[in-house]
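Values in this document were obtained by computation on a predicted structure and should not be read as measured data.
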Amino acid sequence: MRAAGENFLPQTTTDTAFVEFERVQKSYDGETLVVKDLNLSMPKGEFLTMLGPSGSGKTTCLMMLAGFETATHGEIRLDGVSINNIPPHKRGIGMVFQNYALFPHMTVAENLSFPLEVRKMDKTTREAKIKRALGMVQMNDFAGRRPAQLSGGQQQRIALARALVFEPELVLMDEPLGALDKQLRETLQFEITNLAHELGITVVYVTHDQTEALTMSDRVAVFDDGRIQQLAPPDQLYEAPQNSFVAQFIGENNTLEGVVQQIDGDTCIVKLDSGDIIDAVPVNVSKAGERTKVSIRPERVEFDKSRLNPGAHTLKAEVLEFIYMGDIFRTRLRVAGTDEFVIKTRNAPDQVRLTPGSQIDIGWMAKDCRALDA
């Protein structure tokens with residue numbers, strides 16, 4: 001993708017991953033680790049999102065990859081070559097920030113020209129690349145404007161074009177859509193994803209927005225306490241969380257606490273604190289007597305017994321709220337001692353509308369109930 005003279009890193013012919021973190025740690029004070037023994041590898045062309053709450057270590061990882069922070073321990077490699085001691089401007093990486101970081105005194109064309117001038121490209125080459133980059137983000141008519149004359153969405157498109165104009169193989173994005181309104185954010189989510197796949201570039205994207213991560217990514221790395229809690233494709237992350245943090249952080253989730261009574265292969269019996277007995281998949285439990293939090297997604301819960309297998313466990317529930325949300329109905333229930341149990345059902349002509357105060361039976365398939373760490 002790069003023109004002659006644009007490569008700033010030695011080229012290798014090995015079959016190593018394109019981006020690699022090997023046992024990377026980061027401490028700012030020499031005592032507290034904000035990134036703890038990170039191991040991560042990405043193939044070329046992948047769109048990977050680092051997702052997590054504030055202070056989880058995701059942005060620090062991005063800054064170390066960009067070269068703005070130095071790893072306390074471990075090695076970061078790009079295309080098989082260690083970049084620990086390569087300064088940011090020689091890594092050949094595109095960057096997009098939440099605050100756009102455009103030069104206010106320059107026109108759009110001049111902003112895009114800057115990274116090309118740094119790379120000593122001639123005027124004809126620069127003009128061709130600027131035109132191509134503006135075309136990618138549908139901003140050809142704005143080359144002569146200054147950032148102050150653009151809306152927030154337009155400025156972010158220009159920031160994206162500037163990151164792509166010198167045709168990097170790796171682009172890093174730090175909360176790039178965080179300052180935009182919901183509708184524009186959703187539009188740009190799809191545009192960025194499509195553009196990344198169309199160009200074949202590798203993207204590392206940082207966000208705390210779960211929906212953004214699930215809709216844009218090939219894989220998502222969920223961070224908490226300086227570690228990756230789970231690394232998986234979006235559907236696997238949502239349907240098969242590996243621990244309680246991931247289950248609670250990704251999407252809406254129902255949690256019931258109890259004790260494992262018995263484990264038999266790929267099923268276990270859990271006695272809830274309410275005294276109810278249910279079946280679950282043992283994910284993060286290993287023996288009887290262990291406390292657990294069982295996880296059930298709201299859309300996997302049924303109150304129509306005809307949809308459940310014969311013999312499926314059911315629980316008594318009291319309807320507390322029944323909320324119309326357009327495409328779905330959201331019902332909040334009192335179940336097994338908690339008032340925060342939720343069911344989501346599709347808005348269909350035959351949908352039964354539940355009345356607050358009514359008593360119903362609910363149930364779910366054992367395969368949809370996961371026994372996780374307590």
Side-chain angles (χ1 to χ4, degrees), residues 17 19-42 46-77 84 97-98 172-176 178 203-214 216-257 260 282-286 290-297 340 370-374:
V19 176
E20 290 178 281
F21 289 80
E22 184 178 350
R23 304 201 66 183
V24 172
Q25 297 180 350
K26 176 64 179 178
S27 173
Y28 290 103
D29 59 9
E31 295 181 6
T32 306
L33 290 175
V34 293
V35 175
K36 304 172 182 176
D37 212 29
L38 176 70
N39 293 285
L40 173 66
S41 64
M42 289 177 61
E46 181 175 52
F47 195 118
L48 181 135
T49 296
M50 294 180 172
L51 173 71
S54 297
S56 60
K58 60 187 187 301
T59 299
T60 300
C61 288
L62 191 80
M63 293 299 110
M64 287 192 289
L65 183 54
F68 301 131
E69 296 286 357
T70 304
T72 306
H73 175 80
E75 190 170 55
I76 302 172
R77 291 187 289 271
N84 285 40
F97 300 97
Q98 179 177 339
L172 311 182
M173 302 189 183
D174 186 17
E175 304 268 11
V203 177
V204 180
Y205 191 100
V206 163
T207 184
H208 63 272
D209 187 310
Q210 305 154 27
T211 303
E212 205 164 88
L214 294 177
M216 297 180 74
S217 317
D218 296 317
R219 287 191 302 166
V220 180
V222 181
F223 278 75
D224 185 48
D225 192 30
R227 300 184 190 276
I228 294 179
Q229 300 294 318
Q230 188 171 350
L231 173 62
D235 58 341
Q236 186 178 329
L237 207 62
Y238 183 84
E239 301 289 351
Q242 291 299 303
N243 61 39
S244 289
F245 175 80
V246 175
Q248 289 299 110
F249 191 75
I250 302 294
E252 195 162 17
N253 182 65
N254 291 310
T255 298
L256 298 172
E257 297 190 30
V260 176
V283 177
N284 234 353
V285 291
S286 57
E290 199 172 342
R291 284 200 62 79
T292 182
K293 288 182 179 178
V294 293
S295 164
I296 315 103
R297 295 294 184 189
E340 301 302 327
R370 300 172 68 80
L372 305 174
D373 52 290

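- Looking at Glu69 and Thr60, their side chains never bring a donor and an acceptor atom within 3.5 Å of each other.
- Taken from CG in Asn84 to CD in Glu75, the straight-line distance is 5.5 Å, to the nearest 0.5 Å.
- Annotation: side chain of Gln242 is in contact with side chain of Arg370 (closest heavy-atom distance under 4.5 Å).
- Here the closest heavy-atom approach between residue Val220 and residue Ala213 is recorded as CG2-O, 3.7 Å.
- From Glu290, atom CD reaches atom CG of Asp373 across 9.0 Å, with rounding to the nearest 0.5 Å.
- Closest approach of Pro241 and Leu372 over heavy atoms only: O-CD2, 3.7 Å.
- Between the CG atom of Leu38 and the CD atom of Glu22 there is a distance of 11.0 Å, given to the nearest 0.5 Å.
- In terms of heavy atoms, Ser41 sits closest to Glu20 at CB-CG, 4.1 Å.
- A side-chain donor-acceptor contact under 3.5 Å links Ser27 to the backbone of Thr32.
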What do the steps show when you test Leu214 against Leu51 for side chain to side chain contact (heavy atoms under 4.5 Å, CB included), and what is the final call?
CA-CA 10 Å; Leu214 294 177; Leu51 173 71; over 6 Å; no

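- Two residues are said to be in side-chain contact when any heavy atoms from C-beta on lie closer than 4.5 Å; Val204 and Met50 meet this criterion.
- In this structure, the separation between NZ on Lys58 and OH on Tyr205 is 12.0 Å, given to the nearest 0.5 Å.
- Between the side chain of Asp174 and the backbone N or O of Phe97 there is no donor-acceptor pair closer than 3.5 Å.
- Here the SG atom belonging to Cys61 is positioned 11.0 Å from the NZ atom belonging to Lys26, to the nearest 0.5 angstrom.
- The only option from Met64, Arg227, Gln25 that meets the side-chain contact (heavy atoms from CB on, under 4.5 Å) definition with Val35 turns out to be Met64.
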Working for side chain to side chain contact (heavy atoms under 4.5 Å, CB included), residues Ile228 and Phe223:
CA-CA 5 Å; Ile228 294 179; Phe223 278 75; 3.7 Å; yes

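- Proximity of Phe249 to Pro53: side-chain heavy atoms (C-beta onward) are separated by under 4.5 Å at one or more points.
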Leu48 and Leu40: CA distance, side-chain angles, deciding distance, side chain to side chain contact (heavy atoms under 4.5 Å, CB included) verdict:
CA-CA 11 Å; Leu48 181 135; Leu40 173 66; 4.3 Å; yes

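- Between Ile250 and Arg297, the closest side-chain pair of non-hydrogen atoms falls below 4.5 Å.
- Between the side chain of Thr292 and the backbone N or O of Val260 there is no donor-acceptor pair closer than 3.5 Å.
- One finds the OG1 atom of Thr59 at 10.0 Å from the NE2 atom of His208 (value rounded to the nearest 0.5 Å).
- No more than 12 heavy atoms of other residues, nucleotides or ligands shown are found within 6.0 angstrom of CZ on Arg23.
- Closest approach of Asp218 to Pro234, counting heavy atoms only: O-CD, 3.5 Å.
- A side-chain N or O of Asn243 and one of Gln229 form a donor-acceptor pair less than 3.5 Å apart.
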